[in-house]
2 protein chains.
Amino acid sequence: MDRIDKKLLNLLQRDASRTNVDMAEEVGLSPSSCLRRLRRLRKTGVIDRIVAILNPARAGRVLKALVTVELKLHGEQHMRRFLDLATAEEAVSQAYAVTGETDVVLMLRLRDMDEYDALCDRLFRDRTNVARFFTMVVIRTAKDETAIQL
Amino acid sequence: MDRIDKKLLNLLQRDASRTNVDMAEEVGLSPSSCLRRLRRLRKTGVIDRIVAILNPARAGRVLKALVTVELKLHGEQHMRRFLDLATAEEAVSQAYAVTGETDVVLMLRLRDMDEYDALCDRLFRDRTNVARFFTMVVIRTAKDETAIQL
DNA sequence: ATTTGTGTGCAATTTTATTGCACTCTTTGT
DNA sequence: ACAAAGAGTGCAATAAAATTGCACACAAAT
């Protein structure tokens with residue numbers, strides 16, 4: 001992981017659709033040498049994957065919401081059961097077990113409030129071990145960055 | 001946005017490093033026709049960008065934390081000022097203005113607790129208009145999905 | 001000094017991306 | 001109903017990029 005690798009990773013995190021030839025020139029390497037570095041970065045797992053990021057609005061998920069969840073029973077198996085339940089939901093894009101005031105935090109991407117309502121039914125009511133939950137609807141997204149600064 | 005477009009988007013959201021030829025075959029189109037669809041999806045902004053997702057641990061950001069922030073002054077300009085401050089921080093990967101108990105939620109990716117400490121100094125103390133903040137350190141990431149289900 | 005391992009550039013080859021073209025199908029206007 | 005226009009497709013030729021073998025350079029270890 002030298003300076004050139006970091007440079008490549010920064011480029012890729014911003015735009016991974018560029019050609020190898022193009023990036024090779026930018027970092028000052030031959031295309032073949034650059035390609036070997038890229039393959040190594042993927043193989044060693046520094047690069048987890050290359051993906052397309054869609055425009056949520058254009059993809060039909062207009063609403064974002066954060067939900068903090070407090071469980072009734074806090075045992076490992078109860079925690080896991082709830083996380084499994086949440087993870088299986090399409091509308092749940094992030095799910096974390098956390099320290100602090102609550103046990104779980106979820107990030108939702110929703111089509112509309114009906115979907116929210118239905119989701120609450122499945123995750124938070126009935127017999128799902130949830131003591132309390134607080135929903136924060138996202139008004140403005142100031143930053144939503146996939147890149148990690150190196 | 002027909003069935004084939006959706007199929008392509010789903011493929012790309014999972015793995016955008018595949019070749020056009022490869023995907024063309026999977027969706028049952030000729031490479032040229034498939035390429036034209038991909039270009040259209042990018043041009044119209046359905047595909048926002050293609051990026052590399054790094055392994056946070058291997059990239060040196062081991063800790064994740066969520067912070068809910070309550071501001072003292074809630075005016076538009078105050079909100080904006082705080083969000084600008086937060087957005088400028090490398091360790092802040094997501095920043096949202098939200099409804100509910102708090103005003104702002106931040107997602108942090110940290111190298112260590114020293115970085116957290118320094119960040120708190122810059123964002124939450126001094127004269128930064130923060131009334132209160134609660135930090136939830138992520139214990140387990142059950143889901144962290146960039147894809148949007150179509 | 002020799003060996004070993006890692007990284008590099010060059011050049012040849014294979015694979016992909018890209019483009020022009022003719023064709024089909026659907027929609028729109030007359 | 002019929003012609004025109006628009007959108008999308010496959011094919012084939014061409015341009016560009018990825019991939020690989022090879023010889024060389026450099027550094028660390030023996």
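So you know, we letter chains A, B, ... as the sequences are listed, proteins then strands, and number each from 1. These values consider heavy atoms only, across backbone and side chains, with no hydrogens, waters or symmetry-generated copies.
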Which nucleotide wins on minimum distance to the side chain of A/N20, given the candidates C/dT8, D/dT9, D/dA18? D/dA18
Considering only C/dA11, D/dA17, C/dT16, which nucleotide approaches the side chain of A/S32 most closely? C/dA11
Nearest heavy-atom contact between A/Q13 and A/T146 is OE1-O, 4.2 Å
Would you please test B/R61 and B/E115 for salt bridge (Lys or Arg N to Asp or Glu O under 4.0 Å) and show each step? CA-CA 10 Å; B/R61 300 272 178 177; B/E115 191 176 8; 2.8 Å; yes
Protein-nucleotide distance ([X], atom [atom1]; [N], atom [atom2]), rounded to Å:
X: A/R18; N: D/dA18; atom1: CZ; atom2: C1'; result: 16 Å
X: B/L35; N: C/dT16; atom1: CG; atom2: C1'; result: 10 Å
X: B/I50; N: C/dA17; atom1: CD1; atom2: P; result: 12 Å
X: B/D22; N: C/dT14; atom1: CG; atom2: C1'; result: 16 Å
X: A/R42; N: D/dT19; atom1: CZ; atom2: C1'; result: 13 Å
X: B/R3; N: D/dT9; atom1: CZ; atom2: P; result: 12 Å
X: A/E25; N: C/dC10; atom1: CD; atom2: P; result: 13 Å
X: A/L38; N: C/dT8; atom1: CG; atom2: P; result: 11 Å

Does a nitrogen or oxygen in the side chain of B/R37 sit under 4.0 Å from OP1 or OP2 of D/dT9? yes
When you measure from the side-chain N and O atoms of A/S33 to the phosphate of C/dG9, is any distance below 4.0 Å, counting only OP1 and OP2? yes
Between A/R58 and B/D48, does the salt bridge (Lys or Arg N to Asp or Glu O under 4.0 Å) criterion hold? Intermediate values first, please. CA-CA 10 Å; A/R58 287 188 178 277; B/D48 182 52; over 6 Å; no
When hydrophobic residues are tied together by side-chain contacts of less than 4.5 Å, even through go-betweens, does A/V92 share a cluster with A/V69? yes
So does B/R39 reach the base of D/dG8 with its side chain, donor to acceptor, closer than 3.5 Å? no
Any donor-acceptor pair under 3.5 Å between the side chain of B/R36 and the base of C/dG20? yes
Name of the residue among A/R42, A/R36, A/R37 meeting salt bridge (Lys or Arg N to Asp or Glu O under 4.0 Å) with A/D5: A/R37
Counting the atoms with a prime plus P, OP1 and OP2 as sugar-phosphate, which does B/T19 contact under 4.0 Å by heavy atoms, base, sugar-phosphate, or nothing? sugar-phosphate
